[in-house]
Number of protein chains: 2
Amino acid sequence: MIDRYLLRYFLAVIDQGNFSRAAASCNVSQPTLSAGVAKLEASLGRQLFTRSNRRVALTEAGARLVARARRIEAEFLQAEREAGAARAAGRLRLGILSSTPTRWTADFVAALPRDAGEVELVEGRERELIDRLTRGRIDAALTIVRGNPRFAARVLFEEPYLLALSAAHPLSARELLAAEELVDEPMIVRRQCELLGETSRHFTARGVRPFFPARTTSDDRARALVAAGLGITVAPASFGGEGVVMRPLAEFDHRREIGLLASDAALLAHPLLERLADGVAAPAP
Amino acid sequence: MIDRYLLRYFLAVIDQGNFSRAAASCNVSQPTLSAGVAKLEASLGRQLFTRSNRRVALTEAGARLVARARRIEAEFLQAEREAGAARAAGRLRLGILSSTPTRWTADFVAALPRDAGEVELVEGRERELIDRLTRGRIDAALTIVRGNPRFAARVLFEEPYLLALSAAHPLSARELLAAEELVDEPMIVRRQCELLGETSRHFTARGVRPFFPARTTSDDRARALVAAGLGITVAPASFGGEGVVMRPLAEFDHRREIGLLASDAALLAHPLLERLADGVAAPAP
DNA sequence: GCACATTATAGATGGCATCTATGATAGACC
DNA sequence: GGTCTATCATAGATGCCATCTATAATGTGC
């Protein structure tokens, strides 16, 4: 069964020239894209590319598919755009990164003009927001900026990822903490965090395999649990709040740039986005 | 993200006039189709149908989507057909129902002419074979015939579903068995069986909740286990074999028609299908 | 033949399409 | 006007498969 995503992978390989770049442009890993192309070939019973480590070339069967695949994808995009455009009609559809403080969103919403319906918020992880932007399902997003040339961006601030502990925690007085010191610390898993894999790798590489007393996708819940002393966690600096202390973790030098993304540079000047940007302040150092 | 299957559901509703028939024509359950249409509407941010319990009508947004959806599906089908047709090239691609005796397939293959590559066999469950036929990924199938008007059919024989027990089993001498007598019998689960749900319902409805010492997707393995006395099972009459006794189960009057399906009536006359049909004999009563 | 870039394989995981079972609703019928 | 019947929606469980990370294989260029 040929499915849309398979054709997207196929076209991405053609447009990007190799599997790895194609994977990046589809926001999936390289093995995923490889498997997808293989599945498409199996579906059709025909090889579509001749691969070498240097270059990827279309076979005859592949060449025959290109035009059709482009037509299909164009129709899909058109359908999505039509519905999206019809829907927009003065309304700002805004994506909000899940690992972003609720306070920002709450303050923004609280300050909105009374006449409702002007803004539509969509919370999601980084990749989901990028996908939605690409499909035209949202107009802009408050998320991580990575210099993707497909979108207009406005960086608001940069922050490091830090260790979050209860203010009552014995180690909270320390200025710098190392993974090895945290062997016996229960750790709360913030499932939506874009750096979850990296974090887990950091600890396991140092022989630290903590117990996980909680796994949540809500930062607010995670913060409450950390403050209550259930465990510690790693989070962006802006995660901090009452009863929670943020401390640097040794050899863990990850940062993120938070900003606004939009498919159209003009949109970045939207008054509501301006207001949102004003409300999003860098956390006190 | 609009996906192909969503558009198929959408078009099926239009073509069939209501959700239930549309679901049947897509080989999915009615709730699945309902959820699919709902998801498509959410994706587009627009209602596509106005529903009542009597009739389903397109909204304006729905009407705008129809032509585009048809073009997309037509292109997909065309792509599949092209590849399939190119592939066929004299080769017969034949689907074989999983719950069909291995013997039939084995005899058929053994009797094939030496020049290989003339036949390609695909084993699968009923729905998978129907899907493949629909997509043109196989040319014909030896499977259950239900009078689907989309396919040309040739019924070969009909058989009941019976209880299978080891020949050494104390109950094997009985001519008719009731579910209630089987309370303490371990039961082997033939996972691929098209009647699995019905069978399980039959027993649970009578308060019989057997222990399952084995769950398998291979009838050959299931037969070996039954013969070895590990447990009993319910299967089509043709499941029987050495060391296994088939007995009717009281109040369990299910039958199936086995036959050949093909998208094209002319194909049913294919000499290899004739030979297959000859080899597939009804089991001795 | 080594180094590097690229694709394929392996194994695990999670999300979601799918299922069955049941509920809600409303026209039809006597 | 109740009861029946056809229809779509909801609930909860299940299994498949797209996806991930980690690692191996492969081939090209110097």
Side-chain angles (χ1 to χ4, degrees), chain A residues 1-6 8-9 12-13 16-24 26-43 47-57 124-128 131 189 191-192 194-202 204-205 215 217, chain B residues 1-6 8-9 12-13 16-24 26-43 47-57 124-128 131 189 191-192 194-202 204-205 215 217:
Chain A
M1 172 72 150
I2 303 182
D3 234 330
R4 179 184 180 182
Y5 75 94
L6 296 175
R8 292 175 65 89
Y9 291 172
V13 171
Q16 303 292 329
N18 72 47
F19 280 43
S20 307
R21 276 200 301 277
C26 293
N27 303 314
V28 299
S29 70
Q30 170 265 316
T32 297
L33 189 128
S34 270
V37 172
K39 179 174 179 186
L40 181 58
E41 293 180 324
S43 274
Q47 186 119 343
L48 294 172
F49 296 107
T50 55
R51 292 102 147 141
S52 87
N53 52 352
R54 281 289 135 192
R55 133 195 31 182
V56 166
R125 300 192 220 181
E126 186 181 6
R127 196 164 65 223
E128 186 183 353
D131 280 352
V189 181
R191 296 185 55 198
Q192 81 286 8
E194 58 278 354
L195 215 70
L196 182 55
E198 193 59 45
T199 305
S200 132
R201 225 171 292 129
H202 178 84
T204 56
R215 300 159 56 87
T217 52
Chain B
M1 169 74 149
I2 304 181
D3 234 330
R4 180 186 180 182
Y5 74 96
L6 297 175
R8 293 175 63 89
Y9 292 173
V13 172
Q16 303 293 329
N18 73 46
F19 281 41
S20 308
R21 275 200 302 278
C26 293
N27 303 312
V28 298
S29 69
Q30 171 266 315
T32 297
L33 190 128
S34 270
V37 171
K39 180 174 178 187
L40 180 59
E41 292 179 325
S43 272
Q47 186 120 341
L48 295 172
F49 297 106
T50 55
R51 291 104 150 138
S52 89
N53 53 350
R54 280 290 135 194
R55 130 194 36 187
V56 166
R125 301 191 220 181
E126 186 180 7
R127 196 166 65 223
E128 185 184 353
D131 279 351
V189 180
R191 298 184 52 198
Q192 80 286 8
E194 58 278 355
L195 213 71
L196 182 55
E198 193 58 45
T199 305
S200 132
R201 223 169 296 130
H202 178 83
T204 56
R215 300 160 56 88
T217 54

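Order of the sequence lines fixes the chain letters, A, B, ..., with proteins taken first and strands second; residue numbering starts at 1 for each chain. Small disclaimer: the values here were computed from a predicted structure and weren't measured.
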*If only side-chain N and O atoms of A/Arg51 are considered, is one of them under 4.0 Å from the OP1 or OP2 phosphate oxygen of C/dT6?*
no

*Under 3.5 Å, is there a donor-acceptor pair between the side chain of B/Arg4 and the main chain of A/Ile2?*
yes

Pull out every protein N or O sitting under 3.5 Å from an N or O of nucleotides 13-16 of chain D, one pair per line with the distance.
| residue | atom | partner | partner atom | Å |
| --- | --- | --- | --- | --- |
| D/dC16 | OP1 | B/Arg125 | NH2 | 3.4 |

*B/Tyr9 side-chain N/O to C/dT18 phosphate OP1/OP2 under 4.0 Å*: yes

*Spell out, as yes or no, whether a donor-acceptor pair under 3.5 Å connects the side chain of B/Thr32 to the backbone of B/Val28.*
no

*Is the side chain of B/Thr199 donor-acceptor paired with the backbone N or O of B/Leu195 at a distance under 3.5 Å, no angle test?*
yes

*Can you see which heavy atom on A/Ala12 is nearest to which on A/Cys26, and at what distance?*
CB-SG, 3.5 Å

_Check this one for me: any side-chain N or O of A/Arg201 less than 4.0 Å away from OP1 or OP2 of D/dA22?_
yes

*For the helix from C/dG1-D/dC30 to C/dC30-D/dG1, what is the angle between the axes at its two ends, each from 5 pairs, rounded to 10°?*
30°

_Heavy-atom donor-acceptor pair, B/Asn18 side chain to B/Arg21 backbone, under 3.5 Å_ = yes

*Of the nucleotides D/dC20, D/dA9, D/dT7, which one has an atom closest to the side chain of B/Ser34?*
D/dA9

*Short side-chain N/O contact from A/Ser29 to OP1 or OP2 of D/dT19, under 4.0 Å*: no

*Taking for each residue the nucleotide of DNA chain C with the nearest heavy atom, is it B/Lys39 or B/Pro31 whose nucleotide lies nearer the 5' end?*
B/Lys39

*Given the rule in the salt bridge (charged side-chain N to carboxylate O under 4.0 Å, His left out) test, do A/Glu198 and A/Arg201 qualify, once you have shown the distances and angles that lead to the verdict?*
CA-CA 5 Å; A/Glu198 193 59 45; A/Arg201 225 171 292 129; 2.9 Å; yes

*B/Arg51 versus B/Phe19, closest heavy-atom pair with distance*: NE-CZ, 3.7 Å

*Under 4.0 angstrom, heavy atoms only, what part of the nucleic acid is B/Phe49 near: base, sugar-phosphate, or nothing?*
nothing

_Expected output: side-chain B/Glu41 to main-chain B/Leu48 donor-acceptor under 3.5 Å_ = yes

*Counting only side-chain N and O atoms of A/Thr32, is one of them less than 4.0 Å from OP1 or OP2 of D/dC20?*
yes

*Given D/dT7, is OP1 or OP2 found less than 4.0 Å from the side-chain N or O atoms of B/Ser20?*
no

